[in-house]
Structure formats: C-alpha cells, structure tokens
There are 2 protein chains.
Amino acid sequence: MRILIIGAAGMLGRRLTEQLLANGRLCGSQIASILAVDVVRPAFSSDAGPTLETATADITDANALRTLVARKPDVIFHLAAVVSGEAETAFDKGYAVNLDGTRHLLEAVRQVGEGYRPRLVFTSSIAVFGAPFPEKIDDTFQCAPLTSYGTQKAIGELLLADYTRKGFVDGVGIRLPTIVVRPGKPNKAASGFFSSIIREPLVGQEAILPVADTVRAWVASPTAAVGFLLHAANMDTGLLGDRRSLTMPGLSITVAEMIEALRRVAGPQVAGRITHQPDPEIAAIVAGWPRDFLATRAEAAGFRADADFDTIICDHIADEEARKAAS
Amino acid sequence: MRILIIGAAGMLGRRLTEQLLANGRLCGSQIASILAVDVVRPAFSSDAGPTLETATADITDANALRTLVARKPDVIFHLAAVVSGEAETAFDKGYAVNLDGTRHLLEAVRQVGEGYRPRLVFTSSIAVFGAPFPEKIDDTFQCAPLTSYGTQKAIGELLLADYTRKGFVDGVGIRLPTIVVRPGKPNKAASGFFSSIIREPLVGQEAILPVADTVRAWVASPTAAVGFLLHAANMDTGLLGDRRSLTMPGLSITVAEMIEALRRVAGPQVAGRITHQPDPEIAAIVAGWPRDFLATRAEAAGFRADADFDTIICDHIADEEARKAAS
Ligand SMILES: NC(=O)c1ccc[n+]([C@@H]2O[C@H](COP(=O)([O-])OP(=O)(O)OC[C@H]3O[C@@H](n4cnc5c(N)ncnc54)[C@H](O)[C@@H]3O)[C@@H](O)[C@H]2O)c1
Ligand SMILES: NC(=O)c1ccc[n+]([C@@H]2O[C@H](COP(=O)([O-])OP(=O)(O)OC[C@H]3O[C@@H](n4cnc5c(N)ncnc54)[C@H](O)[C@@H]3O)[C@@H](O)[C@H]2O)c1
C-alpha cells in the first residue's frame, strides 16, 4: 500500500498524514510508504517513521505531477487548493491551482496507462452550491456556485467523474462542510469567524462575530474530516455508480447554538468573550452559503458526522493540549 | 452591431448566419458586420452581402481567439464543438475543443479588458444530464453527465457563469434538445436515427430504427434552435441572475409518435420505409438520455418550442425544397 498525499502541509493534510502514520494500515493493507507533498515542504516530527517521505511539488506544473504519479501510488489524496477568499481575488491563480492542478493530476494518472487505476480522493466543498436553495439540499440538487473557488471545485468533480467513468481512475469526491474548529491563527476566509468565536475565547482572547447569531452553517470537525478522507479511501466505490461526489454529513447549527455549546463546555466567562460587530460584507457572502443538507447518499455509504457541537469543542481542546504537550 | 459566429460552418452555425443576414438586425440595431469562422472555412452563397466576412480559426489555439475577439464584437455566438460520439472516442480532442476552446474564448474576452463585456451565447446540450433522473427534469436538477461531451458542456456552463459573475462577459448558455430533423447525410451520432427515420423515407430511402418505438426524446427543430440562439442574444439577461444556462423548451415525444406524424404529413407509404433493427449498443446509450423536462425558466424568459412534430416535418420539407431551388 503506497500512498500519495498532495497538500500535506495544509490543515487537513497534516492531520491525515499523522493519522495514517498512527494507523499504519489503509484499505486492509499495511502502509509501505507515504509520500507527503505540498508547494511548501510538509514538516512532521522527526520520529514520524521510515514510511514517510516529504517533498515539494507545485501542482500547476504538469511535469511535477507526472513524476509523483510515476511511482504508481495505490491511493492518492488530493487536498491541495487555493482557498475561497484567495481564489476570488487571485483569479488566475485560483484557476491554475484548483482547476488546472486537478486536471494535471488526473492526466498524469491517465498517462501512466497499463491498467493503472488508483483510488483518488478529491476534497471538494459545499461551496459548489449557491443560493437560492431549498431549506435542505438533497443529493440531486444542482451545483450552481457563487464563487470562483466553488466553480473550480464543481469542475474538479465533473472531471473526476468522467475520468472514473472512462476507467482511468477510481475517484471519490467528498464535499466537505465548513471545518470548525480550525486550529491556528485566524485566516482571511470569510468563514473564519465560525472557528475564531470558539478558538479565541478558549485561550482568553476576544473574538468578533461579524454576522447575526441566527446565521446557520453546515459544519464538521477536523477529526470528522479526516474520518471522511479515510473512509473515502476504504469504501466500496461500486456503491457510487457514476456520481462520484458526495455531500459529507455535518451538523446544521446556528451561531447562537455554537455559543450556547461553548458556554456549556467552557463556562459563561469564556462565552462572554464574543462581541457582535456586524460586517455587512461578510454577512452578504455568508448569506449565499448552503446551511442544511440531506446527506443521504453519504450516510448510506457509511460516512459519519460529528455527534454534536459540544464534542467538536472538546475535540478541539484535547487537540490543542496534545499539540502543546508535543512541542 | 458587430457579430462573431464561431462554428459557422456547422449545421446550426450556417442557418444562424443566413438568418442574421436575412434579418439585417439584432438586439434592435442594424448589423454592421458578421464574422463567420470555423475550423473549416464557412461557405455562403456569393450574394451573401457586404456585411459578411468568413475566416478559418481553430479554437484550440488561444491566439486565434485573441485575434478574433480583438475586434470587440458586441455579440459572440459560440457553436464550435466536437460532437458527442467523437468526444467519446477522441478523448484528448474532445477536451481540447470543447473545454479548452471554450476557456480560450472566455479568456480572450477577459484579456481585452477596458470594460469590454460582450453578450456570449454558448450552445450547451441536454447531454449535461445523465440517468437516473425523474420523469420530468426541472431547472434545479443536477448536471451529472454520462459522456465526455456532456462533461465538457457542463464545465463550459460553469465557466460561463463564473466569467459572467465576475463581469468579464454577459453569458447565456442554452441547453439544446436533440435537433430533429438534421439535414444532410446520416452522421455517426447515436442520436442520428431520430433524424434519419424522417429524412430518409421522405426522399424514398429506407431508414433503420435501432431502438424500440417506445423510446422518448426531447427534440427541437433547427428552426426553433436558431430562434433560441437569436432570443439568447436579444434577451434581458437581468432575468437570469447568476444561473446563466437554461434548458431549452422542446417536445417530449416517442418514436412511435414521430412515425405517426410522418404518416399524417407524408402518407403511409413514406412511413412504411422504416425498418426496426434493434441495436443493443445504441439502445443502451439512448437509455441514459433525458427525455422530458419542465423548461420553466426558459419559457418564462421567452424561449419558445416548436408547435408540434407535424410542423417540424413540414419545416424540414420546406427547407429541403428551398435548398434545391437555390442550388
Ligand atoms: N477547511 C475547510 O473548511 C474546507 C472546506 C471545504 C473544502 N476544503 C478543502 O479541503 C482541502 C484541504 O483543506 P485545508 O483546510 O487543509 O486547506 P489548507 O489551505 O490548510 O491546505 C491546502 C494546502 O494546499 C497547498 N497548496 C496550495 N497551492 C498548491 C500548489 N500549487 N501545489 C501544491 N500544493 C498547494 C497549500 O500549501 C496548503 O498546504 C482543500 O482542497 C480545501 O479546498 C476545506
Ligand atoms: N445538433 C444537435 O442535436 C445539438 C444538440 C445539443 C447541442 N448542440 C450543440 O450546438 C452546437 C452546434 O451544433 P451543430 O449541430 O451545428 O454541430 P456541427 O457539428 O454541425 O457544427 C459544429 C462546428 O464546429 C466546428 N468545429 C469543430 N472543432 C472546431 C475547432 N477546433 N475550431 C473551430 N471550429 C470547430 C466544426 O467544424 C463544425 O462546423 C454545438 O456546440 C453542439 O455541441 C447540438
């Protein structure tokens, strides 16, 4: 079992790599090697083990992908992306990485030939959906994205399905919910506040809520997301037919409910560190986002959401403590 | 009013060009010039008039498109494509023409800058839909194509919407039904028999029906298709919001009903020239095609289907007579 992880220096790529190293197995086989690549060299603790190799590669370079894929990994996780905010302002870069990069990867796999047909797990996003939509979006609803990022992910899904149908690859696209709580520094994503209102108060800092607390979102924890990635690698893709991308299960929850959970888990003082400071621009962006789904196909295929938001917060606290202990 | 028609040597491109020349006007303005291009030089009768210029251009060549678009046409009709059968067997060519070609066109428009924002009419197809689907497909149903051609058209729609949203172009995508009766020689398209069973018997030839006569299709005449193209150029795109592609209205009709109409229009002897010769391969392909729609948005936007199939046949007969008279 040889594994290639592209985008391994990112938030989810790091965790996935660490989880695979800890598990030692995937798809019922022992892991022989993990090649973890990113445009910035992924760094793991020195005792990560002999199965791990790291490298830098830029997926906008078709040759770089040919080199990586020439080793014929059995499973490829494709997580590299320019995120939504950047893809919206840096139009060419977004298309180069999110569209061309994904296409280069599929082409590199196809060019190997000789019956090579790896499992390819592609991280799509619920940003493939755009308003107006029904209260709950089901598995037959159209992809009508309202951002360049969502457009590029939707195109990636179409390519993945076509390359799979033609037998070049065995693809699974997972449409990730908004990942909360995202660890680390606040980033510029418009969705950033969903994480900051939990993360910052827990470490004694003030957080700003730029939207009304009635705003609803579809969320999953980093732990759940890694679970989705592993399950997508392990699952029987015969269940999917020709529709290779699935909306992942999540929690549909309002900001008020998130804050209520924070109060339950960490107390009123912590929850009191959130200040409502309306930002009409962010509010407008968020209004175009999907907020509730019937993730029927994914659930039937065995993908599992987080139990509740309290668990998501507790997970985050435990992760942060483990991180501190390790450093 | 300057017009650029790409794919002008094709079945619909020819008719559109001729219709525009006959009308002399578009979008309430007099037509100053029509540039009709194709990878094979479009040929029109010598008295086509001073407003028409023809040229060859290959849309897989980004530079060729930059040259064409540098003239800043007010309206661009993009009809150039590799059709479904060929896109399925010639994988690279299909992507090069149908995906890259469309993207080169959008990029060429964007690169002009200076507020240039032409109306761009893109001919998509109901092949963006794939089975399983509901009895009638509505305007919110997902694009899950089952061919590379359908995949490439669906990607074209996504790009068109994103380039429109960003203000680079004023795009309208029209998902054409199967066009019946297609004039000329039988072609290799799996849908070819829908036209041959009408066209061949009318000129005294035998035609083969490779599927059961219970097979249902969503069809429109070449005349209706030209009407859609013109309306897409003329319409108020403010009606469309961010969803720029529309399923065109059509007739949902079984093969038995088509043959019944042929009998009514041309008599039992003509209708008797059709022999049922089952072809399981064609039957399987056709089973994946959508057969009925609720084209609500397009109808609300003023697109009009053919009155009935009898009219489609009569139109075809009249066209063929006009063609003979002209040559
Ligand atoms: N985090 C979320 O809320 C969320 C939601 C939906 C989808 N996703 C998707 O999941 C994937 C992982 O998300 P994440 O939160 O870990 O994102 P991240 O931004 O933390 O990681 C993405 C990684 O891709 C790398 N990358 C960017 N351009 C590259 C290039 N040209 N070549 C190689 N690598 C490149 C970056 O260096 C980064 O390490 C992404 O595809 C993202 O679009 C994330
Ligand atoms: N006829 C139908 O039933 C139908 C149904 C749905 C959609 N459409 C779409 O409508 C459009 C017109 O259809 P049509 O029936 O007239 O098709 P057609 O095949 O008669 O015409 C397509 C034209 O595109 C040209 N072309 C191909 N590659 C090119 C390239 N690289 N550069 C420049 N030109 C190139 C061809 O030479 C041809 O003249 C196409 O985009 C087609 O996909 C047609």
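Residue numbers begin at 1 in each chain, while the letters A, B, ... track the order of the sequences.
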Using non-hydrogen atoms only, which part of Tyr149(B) is less than 4.5 Å away from chain A: side chain, backbone, both, or neither?
neither

Could you tell me the separation between the OG1 atom of Thr151(B) and the CD1 atom of Ile155(A), rounded to the nearest 0.5 Å?
11.5 Å

Relative to chain A, which segment of Arg103(B) carries a heavy atom at a distance below 4.5 Å: side chain, backbone, both, or neither?
side chain

Residues of residues 135-147 of chain B contacting chain A, heavy-atom criterion under 4.5 Å, by residue number:
Asp139(B), Thr140(B), Phe141(B), Gln142(B), Cys143(B), Ala144(B), Pro145(B), Leu146(B), Thr147(B)

In residues 67-83 of chain B, which residues are in contact with chain A at a heavy-atom separation under 4.5 Å?
none

Given that the side chain runs from C-beta out, which part of Phe129(A) has a heavy atom under 4.5 Å from chain B: side chain, backbone, both or neither?
neither

Can you give me the closest heavy-atom contact between Arg165(B) and Ser148(A), atom names plus distance?
NH2-N, 3.0 Å

If the contact rule is any heavy atom under 4.5 Å from chain B, which residues of residues 87-99 of chain A qualify, in numerical order?
Glu88(A), Phe91(A), Asp92(A), Tyr95(A), Leu99(A)

Flag the one option from Gly150(A), Pro132(A), Gly241(A) with the top tally of heavy-atom pairs under 4.5 Å to chain B.
Pro132(A)

Got Glu157(B) and Leu158(A) here, is their nearest side-chain heavy-atom distance under 4.5 Å?
no

Quick check on Ala154(B) against chain A: is it the side chain, the backbone, both or neither that has a heavy atom closer than 4.5 Å?
both

Of all residues at least two apart in sequence or in a different chain, which pass the ring pair (Phe, Tyr, Trp, His ring centres under 6.0 Å) check with His104(A)?
none

